[in-house]
Amino acid sequence: MPTILGQNQYGKAENRVVRITRDGDTHHIKDLNVSVALSGDMDDVHYSGSNANVLPTDTTKNTVFAFAKEHGIESAEQFGIHLARHFVSSQEPIEVARIRIEEYAWERIATSDGNSKFIGADEVKHSFVRKGQETRTTQITFDGEKWEVISGLKDLTVMNSTNSEFWGYVKDRYTTLKEAYDRILATDVSARWRYNWTDDEQRMPNWEKSYEQARKHMLQAFAETYSLSLQQTLYQMGSRIINSRSEIDEIRFSLPNNHHFLVDLEPFGLKNDNEVYFAADRPYGLIEATVLRDGVEPKIPVDLTNL
Ligand SMILES: O=c1[nH]c(=O)c2[nH]c(=O)[nH]c2[nH]1
């Protein structure tokens with residue numbers, strides 16, 4: 001049966017590029033998911049396997065990261081236009097470049113002594129929460145006598161673009177991790193907290209206010225902790241809530257360590273001065289712990305998945 005080649009395109013999809021611009025100690029984030037699709041004179045590679053017209057998808061990926069350094073990311077549109085023009089104008093066989101970009105928006109975390117509109121407190125300058133992400137959860141159990149309320153949130157994505165280190169850890173023959181003295185710390189917070197309200201005689205907490213306040217304290221502790229490990233940050237987030245909300249006795253966190261790897265731009269003659277990162281999605285470290293009011297029995301399950 002004779003066949004002919006129809007529409008075809010190729011490229012590297014979902015390049016997760018994070019560009020940090022450091023304006024003194026005020027940092028700006030651009031976080032993009034960039035997909036490149038190129039088409040043009042690609043008959044030969046499909047019919048005979050000749051790669052003579054093929055710019056490797058790996059190169060398209062490198063171009064995304066190198067452009068983030070060289071040209072910065074003013075807007076997703078500007079960045080996409082720049083990339084598309086580059087591929088079409090620099091590669092004879094490429095006739096059409098389609099760049100798709102998703103942008104993840106971040107806003108600054110309001111700290112205890114500032115607010116998000118006003119860049120005053122130090123911490124605000126490098127601590128961010130991703131917009132419009134989290135899901136609020138609750139589980140209510142009643143046995144006819146006693147109540148148990150466990151509330152929380154998941155998918156609250158936060159990032160510190162500095163004030164995070166990780167060093168002094170155990171090294172065995174399989175350890176390759178380099179010690180980090182200034183790294184990005186990013187996580188998707190999943191937290192569940194248990195209220196000490198158990199019977200109708202007691203005054204019921206103001207659930208709305210309590211949620212808002214727990215979320216606020218958690219974010220502020222994340223922003224204000226100079227972190228030596230995600231474990232330490234977790235404990236600070238939990239104890240800030242327990243210390244400031246008397247209605248909450250126990251809180252459990254499940255925190256993925258969303259690794260951001262500095263991209264090696266040396267091969268392109270560019271210096272990466274802590275500016276361009278590859279945001280890896282897996283594998284990720286997973287740090288989980290409960291923080292309790294002293295003397296209280298832990299009751300939140302270890303596995304938060306179904307809670
Ligand atoms: O904050 C961290 N805690 C760890 O336990 C750990 N392990 C690792 O490889 N990186 C990190 N980072």
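One-based numbering, in listed order, for ligands and for the atoms of each. Source: prediction; values computed, not measured. Below, each value reflects all heavy atoms present in this structure, side chains not excepted, and no hydrogens, waters or symmetry copies.
Using a 4.0 Å cut-off between a side-chain N of Lys or Arg and a carboxylate O of Asp or Glu, E208 and R136 qualify as a salt bridge.
For the salt bridge (Lys or Arg N to Asp or Glu O under 4.0 Å) test, no residue two or more places apart in sequence or in another chain qualifies with R252. Scanning for side-chain contact (heavy atoms from CB on, under 4.5 Å) contacts around F142 gives W147, with sequence neighbours left out.
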Compile the donor-acceptor pairs under 3.5 Å between side chains in residues 67-76 and protein atoms, sequence neighbours left out, one pair per line.
from: K69; atom 1: NZ; to: K271; atom 2: O; distance (Å): 2.9
from: K69; atom 1: NZ; to: E275; atom 2: OE1; distance (Å): 2.6
from: S75; atom 1: OG; to: Q78; atom 2: N; distance (Å): 3.0

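Checking K125, K216, R240 one by one against E224, the salt bridge (Lys or Arg N to Asp or Glu O under 4.0 Å) holds for a single residue, R240.
For the 3.5 Å distance criterion, the side chains of E165 and Y226 qualify, holding a donor opposite an acceptor.
The protein residues lying under 4.0 angstrom from ligand 1, judged by non-hydrogen atoms, are F166, L177, R183, S229, L230, Q231, N257.
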